[in-house]
Number of protein chains: 2
Amino acid sequence: MRERGLRWTPQRRAIIEVLAEARGHVTAADLVDRCRTLDPTTVPSTVYRTLDVLEELGLVRHGHGTDGREEFHVGPAVAQHAHLYCSVCGGRWELTDERADAVLAAFRAADDFEADLSHMTVVGRCGACRRAAS
Amino acid sequence: MRERGLRWTPQRRAIIEVLAEARGHVTAADLVDRCRTLDPTTVPSTVYRTLDVLEELGLVRHGHGTDGREEFHVGPAVAQHAHLYCSVCGGRWELTDERADAVLAAFRAADDFEADLSHMTVVGRCGACRRAAS
DNA sequence: ATTAATGCAAACGGTTTGCACTACT
DNA sequence: AGTAGTGCAAACCGTTTGCATTAAT
């Protein structure tokens, strides 16, 4: 199936399984933990190495969260969704592609820059918290 | 002068000096190194602690670079400038406040979100690299 | 004399590496 | 049989911490 000279091992299966049910984003460290609850013998290096492979295959993409930790996005939604984080209420959510497009357009207009918003989490304040503050 | 119950020590002086001549942004680790070349006895903990203090005073602000490392912005330009990074050519630069404003407006319009662009580096492709690619 | 700030050294968390071993193919 | 992939353990890097010591006020 997904072989390009790659091997299909139980641990890869496990990692992909965990990735699948974590639809959206997970930090690498989180992933290690979740794998470990699933199979306590899981070892970090394997997880990290598998993530590298998956990234090469284009199945996941890594970015960095607010605190700088590696974060992975899975599946077809790997594209242009932006990650938002409210530093007041701690909320995390994402922008739908259409909405993200407007922001991308702004970057383009401002500096001829093609931003890859999926790579990082943008920090700020959500509408609710902003209104609450004033 | 800048005392609010704080003490003026040689090592703080050194750190501020280094910060000053690094106008713009430096990673914390970089800062430690530069301080060490200036005074080899410099120890990381002092630097990090001083940075915390300076941040509390509002003199610096920390964010995270592309690789997730802590990065500090100094001086009056602490405000709303965005950090851009081109993953193709490796270029780094920033958006002037006026230009950044347009992007902020887009975030506001898209999701009623007040982004703090100064907190992170946005990854993408600069105009030149984009054109070169196509 | 107070007590804020330092230096040191050790610990941390997340991630990476070398190497011998295992097990897919 | 061949070699991709694993497990382990140790190292890495940036950062944080506890504690005894120093030095600014």
Side-chain angles (χ1 to χ4, degrees), chain A residues 1-19 22 25-57 59-72 119-121, chain B residues 1-19 22 25-57 59-72 119-121:
Chain A
M1 58 170 297
R2 67 159 36 99
E3 308 317 324
R4 310 231 235 287
L6 300 155
R7 291 183 184 174
W8 187 238
T9 69
Q11 29 283 64
R12 286 192 171 169
R13 172 157 198 42
I15 292 166
I16 288 179
E17 202 169 303
V18 174
L19 271 172
H25 16 63
V26 226
T27 68
D30 249 29
L31 212 49
V32 173
D33 287 347
R34 297 200 202 181
C35 283
R36 237 202 272 270
T37 65
L38 205 112
D39 169 4
T41 72
T42 310
V43 90
S45 43
T46 300
V47 177
Y48 283 101
R49 282 194 276 235
T50 301
L51 285 172
D52 285 349
V53 173
L54 293 177
E55 187 153 24
E56 258 162 45
L57 293 181
L59 295 175
V60 300
R61 243 164 93 161
H62 91 273
H64 296 276
T66 331
D67 53 355
R69 280 152 65 175
E70 284 200 58
E71 204 166 57
F72 287 84
H119 190 79
M120 340 222 30
T121 301
Chain B
M1 58 170 295
R2 69 160 32 97
E3 308 316 322
R4 311 231 235 284
L6 300 153
R7 291 183 185 176
W8 188 238
T9 69
Q11 29 282 63
R12 287 194 169 167
R13 172 157 198 45
I15 292 165
I16 289 180
E17 201 169 304
V18 173
L19 272 171
H25 15 62
V26 225
T27 68
D30 249 29
L31 212 48
V32 173
D33 287 347
R34 298 200 202 181
C35 283
R36 237 202 271 269
T37 65
L38 205 110
D39 168 6
T41 73
T42 310
V43 90
S45 43
T46 300
V47 177
Y48 284 102
R49 282 194 277 236
T50 301
L51 285 171
D52 285 349
V53 173
L54 292 178
E55 187 152 25
E56 258 162 46
L57 293 181
L59 295 176
V60 301
R61 244 165 93 160
H62 91 273
H64 296 275
T66 331
D67 54 353
R69 281 152 64 176
E70 285 200 57
E71 203 166 57
F72 287 85
H119 190 79
M120 343 221 29
T121 301

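When reading the values below, keep in mind they use all heavy atoms of this one structure, side chains included, and skip hydrogens, waters and symmetry mates. A, B, ... follow the sequence lines: proteins, then strands. Residue 1 opens every chain.
Per the geometry, CG belonging to Asp33(B) stands 11 Å off P belonging to dT15(D), to the nearest Å. Between the C1' atom of dC13(D) and the CZ atom of Arg36(B) lies a distance of 13 Å, rounded to the nearest Å. Atom CH2 in Trp8(A) sits about 23 Å away from atom P in dT22(C), given to the nearest Å. Rounded to an integer number of Å, the gap from CD of Glu56(A) to P of dG5(D) is 10 Å. The separation between Arg49(B) atom CZ and dT22(D) atom P is 16 Å, rounded to whole Å. To the nearest angstrom, P of dC12(C) lies 20 Å from CD of Glu70(B). In this structure, CG of Asp67(B) is placed 13 Å from C1' of dG14(C), rounded to the nearest angstrom. Residue Leu6(B) contributes atom CG, which lies 15 Å from atom C1' of dA23(D) at whole-angstrom precision.
As judged by a 4.0 angstrom heavy-atom cut-off over every strand, Arg69(B) is placed among residues touching the sugar-phosphate backbone only. Note on Ser45(B): a base of the nucleic acid sits closer than 4.0 angstrom, heavy atoms only.
A residue-by-residue look at Ile15(A) and Ala29(B) shows that Ile15(A) has its nearest nucleotide of DNA chain D further toward the 5' end. Toward the 5' end of DNA chain D, the nearer of the two residues Thr27(B) and Arg7(B), judged by each one's closest nucleotide, is Thr27(B).
Using a 4.5 Å heavy-atom threshold, the side chains of Leu54(B) and Arg12(B) count as separate. Inter-residue side-chain proximity for Val26(B) and Arg34(B) is flagged as met; some heavy-atom pair is nearer than 4.5 Å. Side-chain contact between Val32(B) and Tyr48(B): present, with at least one pair of heavy atoms (C-beta onward) separated by less than 4.5 Å.
An OP1 or OP2 oxygen of dA23(D) is reached within less than 4.0 angstrom by no side-chain nitrogen or oxygen of Thr9(B). OP1 and OP2 of dT16(D) both lie 4.0 Å or more from every side-chain N or O belonging to Tyr48(B).
Minimum heavy-atom separation, Thr42(B) to Arg36(B): O-NH1, 3.0 Å.
Remark: the His62(A) side chain and the Glu55(A) side chain contain an N/O donor-acceptor pair separated by less than 3.5 Å.
The Gln11(A) side chain lies nearest to dT6(D) when the options are dG7(C), dA24(D), dT6(D). In the set dT6(C), dT6(D), dT15(C), the nucleotide with an atom closest to the side chain of Arg12(A) is dT6(D).
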